[in-house]
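Please read the structure below before turning to the comments.
Note: hydrogens, waters and symmetry copies are ignored here, and every other heavy atom, side chains too, is used. Positions are given from 1, in the same order as the sequence printed here.
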Amino acid sequence: MQILDTNVLARWLLNDDFVQAQIADQAASQPFLLTWTVFIELGWVLEKAAGVPRSIVAEMMQQLLEFDNARM
């Protein structure tokens, strides 16, 4: 099982770079380990660095926790 880092998950969720988002989508299509450190950092990156509103970040994070391929 692979571990996805914050950068990969951010590209996957934000879809802000076509090539990187496709690579991230391929990585997320297989079961992956989501560590708490990456989860927390991802929330910060989405809100502070990418400017996603907190309510949307909360929804994204909830969906990530419920994603079938994500293991914590």
Side-chain angles (χ1 to χ4, degrees):
M1 179 179 303
Q2 59 189 343
I3 300 174
L4 300 187
D5 69 7
T6 304
N7 183 52
V8 172
L9 291 172
R11 297 290 161 245
W12 183 56
L13 292 171
L14 294 171
N15 197 24
D16 59 351
D17 179 281
F18 180 75
V19 173
Q20 289 184 17
Q22 283 188 320
I23 294 168
D25 190 50
Q26 289 174 348
S29 70
Q30 301 296 318
F32 62 89
L33 181 63
L34 176 62
T35 65
W36 284 110
T37 305
V38 168
F39 185 76
I40 292 166
E41 185 179 41
L42 179 62
W44 184 91
V45 167
L46 292 173
E47 183 179 356
K48 302 298 182 187
V52 177
R54 184 174 283 190
S55 60
I56 302 298
V57 170
E59 290 175 18
M60 294 169 90
M61 302 301 277
Q62 183 64 40
Q63 290 174 354
L64 184 57
L65 287 174
E66 295 170 357
F67 186 61
D68 287 338
N69 286 344
R71 309 284 187 271
M72 298 210 63

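- By the salt bridge (Lys or Arg N to Asp or Glu O under 4.0 Å) test, Asp16 is found to be paired with Arg11, residues two or more places apart in sequence or in another chain being considered.
- Applying the side-chain contact (heavy atoms from CB on, under 4.5 Å) criterion to Glu59, with sequence neighbours excluded, gives Ile56.
- For the side chain to side chain donor-acceptor pair (under 3.5 Å) condition, the pairs that include at least one residue of residues 63-72, sequence neighbours left out, are Gln62-Glu66.
- When the side chains of ILVMFWY residues are joined at heavy-atom separations under 4.5 Å, either directly or via intervening members, Leu9 and Trp36 end up in a single hydrophobic cluster.
- Within the structure, ring-ring contact (aromatic ring centres under 6.0 Å, His included) contacts touching residues 43-64 (residues at least two apart or in different chains) do not occur.
- Grouping Ile, Leu, Val, Met, Phe, Trp and Tyr by side-chain contacts under 4.5 Å, direct or through others, puts Met1 with Ile3, Leu33.
- Cluster annotation: Phe18 is connected to Ile23 through the hydrophobic network of ILVMFWY side chains, with a link wherever side-chain heavy atoms come within less than 4.5 Å.
- Taking Leu13 as the reference, Leu42, Leu46, Met60 meet the side-chain contact (heavy atoms from CB on, under 4.5 Å) condition, with sequence neighbours excluded.
- In this structure, the side-chain contact (heavy atoms from CB on, under 4.5 Å) partners of Glu47, at least two apart in sequence or on a different chain, are Arg54, Val57.
- Residue Leu65 holds its CG atom at 4.0 Å from CZ of Phe39, rounded to the nearest 0.5 Å.
- For the side-chain contact (heavy atoms from CB on, under 4.5 Å) test, residues two or more places apart in sequence or in another chain that qualify with Glu41 are Thr6, Val45.
- To the nearest 0.5 Å, atoms CG (Asn15) and CD (Gln20) are separated by 11.0 Å.
- Listed by first and then second residue, the salt bridge (Lys or Arg N to Asp or Glu O under 4.0 Å) pairs involving residues 30-39 amount to none (not counting sequence neighbours).
- Taking hydrophobic clusters as Ile, Leu, Val, Met, Phe, Trp and Tyr residues chained together by side-chain heavy-atom distances below 4.5 Å, Val8 shares a cluster with Phe67.
- Residues satisfying the side-chain hydrogen bond (donor to acceptor under 3.5 Å, both in side chains) criterion with Asp25, sequence neighbours excluded, are Trp12.
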